There are 2 protein chains.
Amino acid sequence: MARTQGSHSDITGPRIRKAALALFARHGYAAVSMRQIAFEVGVQAGALYNYTPDKQSLLYRLMHEHMQDLLSAYDELEQSADASQALRQFVGFHIRFHLERPDEVFIAYMELRNLTPENFSEIEALRRKYEDTLEAILSRGQEGGVFDIADTKIATLAVIAMLNGVMTWYRAGGRLSLDEVEQVYWDIVRRSVSA
Amino acid sequence: MARTQGSHSDITGPRIRKAALALFARHGYAAVSMRQIAFEVGVQAGALYNYTPDKQSLLYRLMHEHMQDLLSAYDELEQSADASQALRQFVGFHIRFHLERPDEVFIAYMELRNLTPENFSEIEALRRKYEDTLEAILSRGQEGGVFDIADTKIATLAVIAMLNGVMTWYRAGGRLSLDEVEQVYWDIVRRSVSA
DNA sequence: GTCTATAGTAGGATAGAC
DNA sequence: GTCTATCCTACTATAGAC
């Protein structure tokens, strides 16, 4: 990993974020030192400060980019007008998007408390925005008589919590394929909100 | 908080664990120092080592006691022979038990990675044991034709994940009473597994 | 049982050479 | 842009006095 002197401004930045992502996900933000990150990248600790003003900004940027990616990716879907179809779409999207980014997801959830209050507010707002897209689907179906939901706010949180659970156990190449996982979860979600 | 010399062996131990619990839950194990804990208790850092061999043991003990309490409390329930009733019982028990101990629950979930491998294995075994009690209920109902579940293992994890979500938003004195929360979640869980 | 003091280590961040 | 060197702070854990 040792590296002699040289200029690498265009690649070092991304490598730092990649290393930080993996280390934060594995050991937790507080337990990871700037020296560890630098070691993974193959530079000295001081060099990191050419790319981030401090450790906190590194964490914030990782979380912020992840949430932006999530919202952008969802926006790019062609949303079905049919609430039931839209819900199915959401379930599949959520599971696949999150399983493709286990480290980002883990950090986005576990490291919220290590953000400064200002940074926390910004990330939290993005998370709410994402939740709102699901709640909109549930409300639409409820009003159209397709769903029968006692409390759409709780149902929103319940569905997301349930889907997030897949991250704790799913492993590629395991007992179930991704399609099967998606099918099983859709089956559970569909029942839980159906009229 | 400052305290002059004196002997308090019977009360200092519990106070240390109580302080550690609150601090670990709020800031995370890695981010909390022994000095902070000592300050909360009103002793010097060195005095903590009369009660715990090290910081790791303090974390392990908190998590272990929590899991033991959980299993004991569930064992004390008179379990209904009817699978549907048993599931309803489980939902109510899980929600109430966990909402009564937000700090313990938070730590038991978030600090798993800060346990040594040996300690992790022991806590993990207790967690599996708890999950198994729910899976037994679901399997029983499935075999009796009361439930219609594609995959009882996934359903177990999905239900627990969903119920755990309540911890992230429920606040006493909020929009919904505990009874209402329990009712809404039971409604969702019941539908999601019903034949 | 708690104190003060400290050993020994490691942390975030910066300064100046190349 | 990266290096080496370092400031200053903080940490866990221990030793010995009271």
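Note that the structure is predicted; figures quoted are calculated from it, not measured. Letters go in sequence order (proteins before strands), and every chain restarts at 1.
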Calculate the interatomic distance between [X] atom [atom1] and [N] atom [atom2]; express it in whole Å.
X       : N      : atom1 : atom2 : value
A:Leu48 : D:dG1  : CG    : P     : 13 Å
A:Gln56 : C:dG11 : CD    : C1'   : 16 Å
B:Phe39 : D:dC11 : CZ    : P     : 13 Å
A:Tyr51 : C:dA13 : OH    : P     : 17 Å
A:Ile11 : D:dG1  : CD1   : P     : 12 Å
A:Met34 : D:dT2  : CE    : C1'   : 15 Å
A:Arg35 : C:dT14 : CZ    : C1'   : 12 Å
B:Asn50 : D:dA13 : CG    : P     : 14 Å

Tell me whether the OP1 or OP2 atom of [N] has a side-chain N or O from [X] closer than 4.0 Å.
X       : N      : value
A:Ser33 : C:dA10 : no
A:Thr12 : D:dT2  : yes
A:Gln44 : D:dC3  : no

query: Just one of A:Tyr185, A:Tyr130, A:Trp186 clears the ring-ring contact (aromatic ring centres under 6.0 Å, His included) bar with A:His94, so which one?
result: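 The single option meeting the ring-ring contact (aromatic ring centres under 6.0 Å, His included) with A:His94 is A:Tyr130.
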
- prompt: Given C:dA13, D:dC11, D:dT2, which nucleotide is nearest the side-chain atoms of A:Lys55?
  reply: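 Closest nucleotide to the A:Lys55 side chain: C:dA13.
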
query: Just checking, is any N or O donor in the side chain of A:Asp69 or A:Ser72 under 3.5 Å from an acceptor N or O on the other one?
result: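 Side-chain D/A pair, A:Asp69 to A:Ser72: absent.
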
message: B:Arg128 vs B:Asp132, test: salt bridge (charged side-chain N to carboxylate O under 4.0 Å, His left out). Steps then yes/no.
response: CA-CA 6 Å; B:Arg128 287 239 175 90; B:Asp132 287 346; over 6 Å; no

- prompt: So, for A:Leu21 and A:Ile107, which heavy atoms are closest and what is the spacing to 0.1 Å?
  reply: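 So the minimum-distance heavy-atom pair works out to O-CD1, 3.4 Å.
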
